[in-house]
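The structure appears right after this line, and notes come after that.
What you see is a predicted model; the values in this text were computed from it and never measured. Order of listing sets the numbers, starting from 1, for every ligand and every atom in it.
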Amino acid sequence: MYHDYNFTAVLSASARAAWQIEDVLPESAELDFTRPFMPENLARTAAAPGLSAAERRVLNQIRGHEYLVIFGLVEEFILPFVLDHARPQLNGDDARVRALLGFASEEAKHIDLFKRFHARFVEGFGSACATIGPPEAIGAEVLRHDPLAVALVILMIEWMTQSHYLDSVRDDGGLDPLFKSLLRHHWMEEAQHAKLDTLMVEALAEGRSEAEIQAALDEFLEIGVFLDGGLKAQVGLNIDALEAATGRKLGDDERAALLEQQHQALRWTYLGSGLTHPKFAATLAAMSPAAHDRVAQIAPAFC
Ligand SMILES: [Fe+2]
Ligand SMILES: [Fe+2]
């Protein structure tokens with residue numbers, strides 16, 4: 001066994017990590033728009049071509065806005081998926097039921113928190129930022145796939161939040177403190193979700209033949225292509241928001257160069273940092289070495 005995750009241990013870890021929305025976003029707290037919101041490792045805005053330092057900071061804050069919306073959006077399909085996974089076995093294993101319902105409840109809290117942060121952002125930023133959606137349509141497209149494929153997407157996303165905080169946010173002293181605190185608190189609770197996702201993937205993969213696992217992996221990759229298309233569209237909306245906020249219209253070549261560079265930055269943020277997470281890779285390898293190798297082969301394109 002490559003891990004020791006179990007529902008009872010997750011339950012007590014979850015009780016220790018729990019926080020209240022009001023502690024993360026007090027009524028009086030304001031975002032500091034003189035600072036970046038996203039760590040450079042994810043935003044890659046300090047390397048954005050054709051922009052001044054001030055424009056790069058604005059683009060970084062727009063990336064923060066996008067992070068709030070994209071995470072709110074993915075959590076809107078994680079929540080019903082986890083409830084559906086819990087529902088067929090509500091009798092018997094009490095720790096399992098409590099852990100999965102706690103997971104869903106925390107995700108509902110995160111959706112609420114991301115929305116409140118979003119409202120605080122809109123108050124302070126001063127101009128409009130559009131985002132892809134609506135979340136229900138994106139969620140419906142993801143959830144129509146094989147549950148094992150969806151569980152793998154969720155596993156990838158939740159490990160991703162762990163590396164976002166530990167590898168990029170924790171040691172970054174320049175970030176807006178409120179945004180940094182949001183990412184820290186999200187990391188604290190997501191650590192338990194990633195373990196529950198691992199158990200969900202194992203339960204859904206159990207008894208499947210190698211061919212059935214590969215078919216689920218095909219669907220996982222299909223969802224990845226769908227999400228990547230959404231990320232590319234989001235980059236275009238981010239650049240529109242940058243132009244609106246700064247009052248400068250980019251030339252066609254400038255826009256194309258920025259779009260390409262930022263598309264790769266979003267790919268790394270929302271796909272590559274999860275696809276390459278060692279814990280995600282370990283779950284794939286335990287399920288099917290061939291599935292692990294297929295993902296390892298495509299991952300560099302999203303880094
Ligand atoms: Fe979450
Ligand atoms: Fe989560």
Side-chain angles (χ1 to χ4, degrees), residues 3 5 7 9-25 37-38 42 64-86 96-119 121 131 133 135 138-139 142-143 147 149-166 168-170 178-204 220 223 227 269-271 273-275 277 279-280 283:
H3 69 75
Y5 310 153
F7 293 115
V10 164
L11 262 181
S12 40
S14 163
R16 285 194 302 274
W19 40 260
Q20 301 296 316
I21 288 190
E22 292 69 25
D23 301 334
V24 186
L25 186 62
F37 293 175
M38 290 291 288
L42 301 176
H65 172 272
E66 155 222 299
Y67 195 90
L68 296 173
V69 172
I70 299 275
F71 264 93
L73 183 155
V74 298
E75 299 197 337
E76 280 193 43
F77 69 72
I78 295 177
L79 172 56
F81 184 84
V82 173
L83 287 176
D84 286 350
H85 185 75
R96 176 186 182 275
V97 174
R98 288 180 59 205
L100 290 174
L101 293 184
F103 178 173
S105 163
E106 284 170 4
E107 224 60 292
K109 181 175 71 178
H110 299 174
I111 293 169
D112 189 359
L113 179 64
F114 283 124
K115 281 184 183 161
R116 293 196 206 188
F117 255 86
H118 180 258
F121 180 98
T131 42
I138 294 175
V142 172
L143 292 172
V150 180
L152 286 169
V153 169
I154 295 173
L155 178 70
M156 172 189 79
I157 289 170
E158 314 231 57
W159 279 126
M160 180 190 294
T161 65
Q162 301 302 288
S163 68
H164 285 181
Y165 181 73
L166 294 174
S168 305
V169 176
R170 185 175 54 180
L178 203 57
F179 214 87
K180 184 170 181 172
S181 162
L182 166 74
L183 298 173
R184 185 170 75 84
H185 285 88
H186 196 226
W187 161 74
M188 284 163 63
E189 290 191 343
E190 291 295 320
Q192 282 67 252
H193 298 183
K195 293 177 183 173
L196 293 175
D197 294 333
T198 306
L199 299 173
M200 283 202 297
V201 164
E202 286 173 356
L204 290 164
F220 167 79
I223 297 170
L227 295 176
T269 304
Y270 301 108
L271 297 168
S273 61
L275 290 171
H277 195 291
K279 299 273 178 60
F280 178 68
T283 295

- Message: Treating Q162 as the side-chain partner and W187 as the backbone partner, does any N or O pair qualify as donor plus acceptor under 3.5 Å?
- Response: yes

- Item | Donor-acceptor contact below 3.5 Å, side chain K115 vs main chain G72 | no

- Query: Can you tell if the side chain of R184 reaches within under 4.5 Å of the side chain of V169, non-hydrogen atoms only?
  - Reply: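 Counting from C-beta outward, R184 and V169 never come under 4.5 Å.
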
- Item | Note, H164 side chain near M38 side chain (heavy atom, < 4.5 Å) | no

- What is the ND1(H193)-the Fe ion (ligand 2)-OE2(E107) angle, to the nearest 10 degrees?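 It comes to 100°.
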
- NE2 (H186) - the Fe ion (ligand 1) - ND1 (H110) angle, nearest 10°: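 NE2 of H186, the Fe ion (ligand 1) and ND1 of H110 span an angle of about 90°.
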
- What are the two closest non-hydrogen atoms of A149 and F220, and how far apart are they? CB-N, 3.5 Å

- Answer yes or no for E189: is there an N/O/S atom below the 2.8 Å cut-off from the Fe ion (ligand 1)? no

- Check whether any N, O or S atom of E106 sits under 2.8 Å from the Fe ion (ligand 1).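 Under 2.8 Å: E106 has no N, O or S contact with the Fe ion (ligand 1).
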
- In E75, which N, O or S atom comes closest to the Fe ion (ligand 1)?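 Of all N, O or S atoms in E75, the Fe ion (ligand 1) lies closest to OE2.
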
